[in-house]
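For reference, the structure discussed in these notes is given below.
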Amino acid sequence: MQALEPIRNGQCGTPAPVRLRGFVAPIDMEVSPPAVVNCRIVAKLHDWIRDSLQPAAERDLRSRITRIVTASSYDCRNRIGSTQTRISEHAYANAIDISAVVTADGRTIDVLTNWGPTVRDLQKRSASADDGRAEGMPKETTGKGGHAPSRKEASGRRRSDERKTMSDVAVISEPRTPEATFLREVHAGACRMFGTVLGPEANEAHRNHLHLDLVPRRRSAFCE
């Protein structure tokens, strides 16, 4: 870890940034590319690695993590993936984005390809399947008295206005790989330590990384 000069850039900056290249024993983990963050982020990352990341890796991946791959750290910009135009915690070196981790046996577990389907993905599949079934249903014919029979009378199906909406039906997730289970566990572990945790379930802007920051919260973390 290397101490840097204070960063002052308009609203952006921090009085005591550091360049984090990794952690030494007993953690022994590289951070690459090096992250420019504040000391609070470094301390929380250390705790997250010790209490969540490594235990989950040993349990789910049968290996230890030796490198964290970063996507972003200090960056003077507004928030992305949100309708809000407030300045990002990255602008204060108070956030870090992690796109992947590397195991001791050489595997790269990246968020984009190993997270698996999100709830959004599963809902789209469900909607597409419903549309396909609707297109394949027979057209109504005229019944007795010249009246078209109801859908229920004609096919035994409920009328469209009687169907449950997607929000009424529980989303059934696909069987998860060990890598997907690992990523969800470390995401949940981060929610117990950081102020904000965003991942693929939050929105498309976070499909390929985990965003961790230490914005102050009155109660629990904002976790998606």
Side-chain angles (χ1 to χ4, degrees), residues 1-4 16-75 89-90 93-119 121 173-202 205-215 220-224:
M1 189 169 67
Q2 174 190 2
L4 301 175
V18 297
R19 180 174 286 110
L20 179 63
R21 301 181 185 277
F23 297 90
V24 295
I27 291 179
D28 286 331
M29 185 172 298
E30 179 186 1
V31 174
S32 177
V36 176
V37 290
N38 61 35
C39 290
R40 294 175 61 238
I41 287 288
V42 174
K44 284 296 181 182
L45 275 175
H46 177 278
D47 293 347
W48 176 63
I49 292 168
R50 180 193 62 199
D51 299 337
S52 179
L53 187 72
Q54 289 294 23
E58 292 174 1
R59 181 171 56 252
D60 300 324
L61 307 176
R62 300 293 189 265
S63 185
R64 291 180 64 80
I65 303 301
T66 57
R67 179 158 62 97
I68 287 176
V69 181
T70 62
S72 180
S73 52
Y74 170 75
D75 189 2
E89 289 300 305
H90 284 285
N94 197 37
I96 188 169
D97 292 346
I98 296 172
S99 61
V101 295
V102 179
T103 63
D105 55 11
R107 287 173 288 163
T108 297
I109 314 299
D110 69 276
V111 177
L112 179 62
T113 57
N114 291 121
W115 181 272
T118 64
V119 170
D121 298 329
S173 61
E174 297 180 349
R176 290 178 181 165
T177 64
E179 293 80 6
T181 298
F182 163 76
L183 289 172
R184 284 166 169 79
E185 287 182 357
V186 298
H187 176 281
C191 292
R192 297 189 289 269
M193 300 181 185
F194 291 86
T196 306
V197 179
L198 302 174
E201 301 292 343
H206 294 87
R207 168 80 73 171
N208 64 352
H209 67 275
L210 301 181
H211 167 92
L212 315 176
D213 74 42
L214 285 174
V215 65
S220 59
F222 182 80
C223 182
E224 286 186 342

Inset, instruction - Search all heavy atoms of Gly189 against all heavy atoms of Ser52 and return the closest pair with its distance. - result: CA-OG, 3.5 Å
Inset, instruction - Mind listing the closest non-hydrogen atom pair of Thr118 and Arg207 along with its distance? - result: CG2-NH1, 3.5 Å
Inset, instruction - Verify the neighbour count for atom CE of Met1: are there more than 12 heavy atoms of other residues, nucleotides or ligands below 6.0 Å? - result: no
Legend entry - Spacing of CD1 belonging to Ile98 relative to OG belonging to Ser73, to within rounding of 0.5 Å: 11.0 Å
Inset, instruction - Kindly indicate whether the side chain of Tyr74, heavy atoms from C-beta on, has any atom under 4.5 Å from the side chain of Val37. - result: no
Legend entry - Under 3.5 Å: donor-acceptor pair, side chain of Thr70, backbone of Pro33: yes
Inset, instruction - Using a 4.5 Å cut-off on heavy atoms from C-beta on, say whether the side chain of Leu20 contacts that of Ile41. - result: no
Inset, instruction - Identify the heavy atoms of Leu183 and Val186 that sit nearest to each other, and give their distance. - result: O-CG2, 3.2 Å
Inset, instruction - For Thr196 and Asp213, test the side chains for any donor-to-acceptor distance below 3.5 angstrom and give the result as yes or no. - result: yes
Legend entry - Qualifying residue, where the test is side-chain hydrogen bond (donor to acceptor under 3.5 Å, both in side chains) with His211 and the options are Glu224, Glu89, His206, His90: His90
Inset, instruction - Locate the shortest heavy-atom distance separating Ala35 from Ile96; write the atom from each residue and the value. - result: CB-CD1, 3.8 Å
Inset, instruction - Return the set of residues passing salt bridge (charged side-chain N to carboxylate O under 4.0 Å, His left out) with Glu201 (not counting sequence neighbours), or none when no residue passes. - result: Arg184
Inset, instruction - First locate atom CG of Leu214, then atom CZ of Phe194, and finally report the distance between them rounded to the nearest 0.5 Å. - result: 6.0 Å
Inset, instruction - Go through the structure and list residues passing salt bridge (charged side-chain N to carboxylate O under 4.0 Å, His left out) with Arg19, not counting sequence neighbours. - result: none
Inset, instruction - Just jot down the salt bridge (charged side-chain N to carboxylate O under 4.0 Å, His left out) partners of Arg59, sequence neighbours excluded, or say none. - result: Glu185
Inset, instruction - Compare every heavy atom of His46 with every heavy atom of Phe23, then report the nearest pair and how far apart it is. - result: CE2-CB, 3.8 Å
Legend entry - Point-to-point distance, once rounded to the nearest 0.5 Å, from CG of Asn38 to CG of Leu4: 12.0 Å
Legend entry - For Ser63 against Ala104, the heavy-atom pair lying closest together: OG-N, 3.4 Å
Legend entry - Asp105 versus Thr103, side-chain donor and acceptor atoms under 3.5 Å: yes
Legend entry - His187 side chain reached by Cys223 side chain, heavy atoms, under 4.5 Å: yes
Legend entry - Residue that, paired with Met29, satisfies side chain to side chain contact (heavy atoms under 4.5 Å, CB included) out of Leu45, Ile49, Val101, Thr66: Ile49
Inset, instruction - Please examine the side chains of Asn114 and Thr177, heavy atoms only from C-beta on, and report whether any two atoms are closer than 4.5 Å. - result: no
Legend entry - Check: Leu210 and Val197 side chains under 4.5 Å, non-hydrogen atoms: no
Inset, instruction - Could you please spell out the steps behind the side chain to side chain contact (heavy atoms under 4.5 Å, CB included) verdict for Arg192 and Asp51? - result: CA-CA 11 Å; Arg192 297 189 289 269; Asp51 299 337; over 6 Å; no
Inset, instruction - Measure the shortest side-chain to side-chain distance between Val215 and Phe222 over non-hydrogen atoms and say whether it is less than 4.5 angstrom. - result: no
Legend entry - Between OG1 on residue Thr113 and CD on residue Glu179, distance to nearest 0.5 Å: 9.0 Å
Inset, instruction - In sequence, state the C-alpha distance, the side-chain angles, and the governing distance for Asp121 and Trp115, and then conclude on side chain to side chain contact (heavy atoms under 4.5 Å, CB included). - result: CA-CA 12 Å; Asp121 298 329; Trp115 181 272; over 6 Å; no
Legend entry - Exam field: side chain Asp47 to backbone Lys44, donor-acceptor pair closer than 3.5 Å: no
Inset, instruction - Would you check if Ser99 and Asn208 make a side-chain contact, meaning some heavy-atom pair closer than 4.5 Å? - result: no
Legend entry - Residue pair Leu53, Ile68: steps toward the side chain to side chain contact (heavy atoms under 4.5 Å, CB included) verdict: CA-CA 10 Å; Leu53 187 72; Ile68 287 176; 4.2 Å; yes
